[in-house]
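Take a look at the structure set out below.
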Amino acid sequence: MHLRQIWTIGKVTFKENLRKQLLQVILILTIAAIASTTLLSFFDMGVQVKILKDLSLAAILFSGGILAIAVSVGSIPAELQSRTAYPTLSRAVRRSDYILGKYLGICLTSLLCMGLIGLVFLGILAVYEHQFDTAVALGMGYVFLEVCLLAAVGMFFSLLVSPMVSATLSLFVFILGQMKIGYLHAAIENSHVPVATQVLQAVYYLLPNLDSFSFKDALIHNIAIPSSYLALVAAYAVVYTGFVLAVSSAVFSRREI
Amino acid sequence: MTIRARLYRFLAAAAILLSPCAGLCHEAGEHHAHHQWESSQVRGELAAQMLVLGGVWSGAVVLVRLIGRRKGGQNA
């Protein structure tokens, strides 16, 4: 692993991503959605803060997920198609370093966008609550971890299938991962067809547990979350993302270009 | 023994140990709760999935290494 090469590829990917119009549109729409919650002035202050937190956290998660999918599925296939990746890969750059660099660039892009959205959200919240809400900031950090995991999954799919199919598959992972514990678990318990149960179980154990990154209920109702659980979820994000990136590197190393 | 050889031995041991541990974690977490952070089912599943992924990756690394060594031996 060559950190300098990874960082250089990451920087170039980050700059490329910033030029994408989709990113700017998502950014403007999300900030507008968060800012529009201030118009609900006919509610009590407490209710208004709860609505602001609820809507804003949902908007940040949704926009972050869409952004991660949009950026990650097109990054490598576009470079291979336009042959701009060849000069990089023909030099002494390992395929795994290339994958890690691309992933770093995508994460930096997501960090910038979510950071800007988060600044607006936390600023509005600070005006209402007259203090900086560290719990919400921490919750947003976990949303960022979730987005990074989703970006790794999107990048993995983009190495196997076309960008359109990989975007659809990533979207499925995003949606099903959100309701894994609540819906899929119940679906397995209530399923009476053995084949369907086995398929559902396979999907259940392969899917990332994205639901565990969401602490919306705790943040809205000011409930404390045990630090052991936070550490477990962070470790889970690191392990799952690392595994997906390792498999992506292995797939890309064996691919003929 | 070189550091690399020690690492592969460690990974092989990890691959063997992690899968049963994952099963134990999953079995232990059967308690449902109102919030996900109170539920041992969620904690158990997270831990189990982490251990399975770690086990699979460790096993794959060791397997690739062994196949590479066998091929190297045949070529020699």
Side-chain angles (χ1 to χ4, degrees), chain A residues 96 139 142 145 149 152-153 177-182 184-186 188-189 201-202 204-251 253-254, chain B residues 2-4 6-8 10-72 75:
Chain A
S96 55
Y142 277 84
L145 281 181
L149 196 158
V153 172
Q178 292 292 338
M179 51 189 195
K180 184 180 163 180
I181 300 168
L184 265 183
H185 198 264
I188 292 167
E189 280 180 348
Q201 270 180 340
Y204 186 83
Y205 288 115
L206 279 173
L207 272 178
N209 202 339
L210 298 179
D211 200 18
S212 60
F213 292 89
S214 174
F215 306 118
K216 218 165 64 172
D217 288 353
L219 294 173
I220 292 167
H221 301 291
N222 294 322
I223 304 167
I225 306 163
S227 52
S228 61
Y229 183 75
L230 291 174
L232 180 70
V233 174
Y236 175 75
V238 172
V239 170
Y240 202 102
T241 309
F243 182 79
V244 175
L245 285 176
V247 176
S248 303
S249 300
V251 169
S253 300
R254 278 157 185 76
Chain B
T2 60
I3 293 172
R4 183 171 281 195
R6 277 186 193 169
L7 175 71
Y8 285 125
F10 170 75
L11 286 177
I16 294 162
L17 285 173
L18 287 181
S19 297
C21 289
L24 287 175
C25 277
H26 190 252
E27 287 299 315
E30 282 300 315
H31 169 246
H32 298 261
H34 184 60
H35 296 298
Q36 49 163 324
W37 50 90
E38 292 165 353
S39 160
S40 65
Q41 182 209 352
V42 176
R43 284 173 186 255
E45 281 185 9
L46 286 177
Q49 211 173 9
M50 270 200 295
L51 292 170
V52 167
L53 293 177
V56 167
W57 180 243
S58 309
V61 168
V62 174
L63 210 64
V64 168
R65 176 72 180 164
L66 282 175
I67 291 167
R69 191 180 284 175
R70 180 176 277 188
K71 276 187 179 172
N75 291 338

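Just so it is clear: chains get the letters A, B, ... in the order the sequence lines come, proteins before strands, and each one is counted from 1.
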Checklist entry - Passes side chain to side chain contact (heavy atoms under 4.5 Å, CB included), Trp57(B) versus Val239(A)? Steps please. => result CA-CA 10 Å; Trp57(B) 180 243; Val239(A) 170; over 6 Å; no

Checklist entry - What part of Ala250(A) lies closer than 4.5 angstrom to a heavy atom of chain B: side chain, backbone, both or neither? => result neither

Item to check | Contacting moiety of Leu230(A), where chain B heavy atoms sit under 4.5 Å | outcome: neither

Checklist entry - Ala237(A) versus chain B, heavy atoms under 4.5 Å apart: side chain, backbone, both or neither? => result neither

Checklist entry - For Arg43(B) and Ser228(A), which heavy atoms make the closest approach, and how far apart are they? => result NH1-OG, 3.3 Å

Next on the checklist: Run Tyr204(A) and Glu45(B) through side chain to side chain donor-acceptor pair (under 3.5 Å) and show every step you take.
Outcome noted: CA-CA 10 Å; Tyr204(A) 186 83; Glu45(B) 281 185 9; 2.5 Å; yes

Checklist entry - Which pair of non-hydrogen atoms, one from Gln49(B) and one from Tyr205(A), has the smallest distance, and what is that distance? => result NE2-O, 2.9 Å

Checklist entry - OH of Tyr240(A) to CG of Leu46(B): how many Å apart, nearest 0.5 Å? => result 11.5 Å

Item to check | Contact class of Phe243(A) relative to chain B, heavy atoms under 4.5 angstrom | outcome: side chain

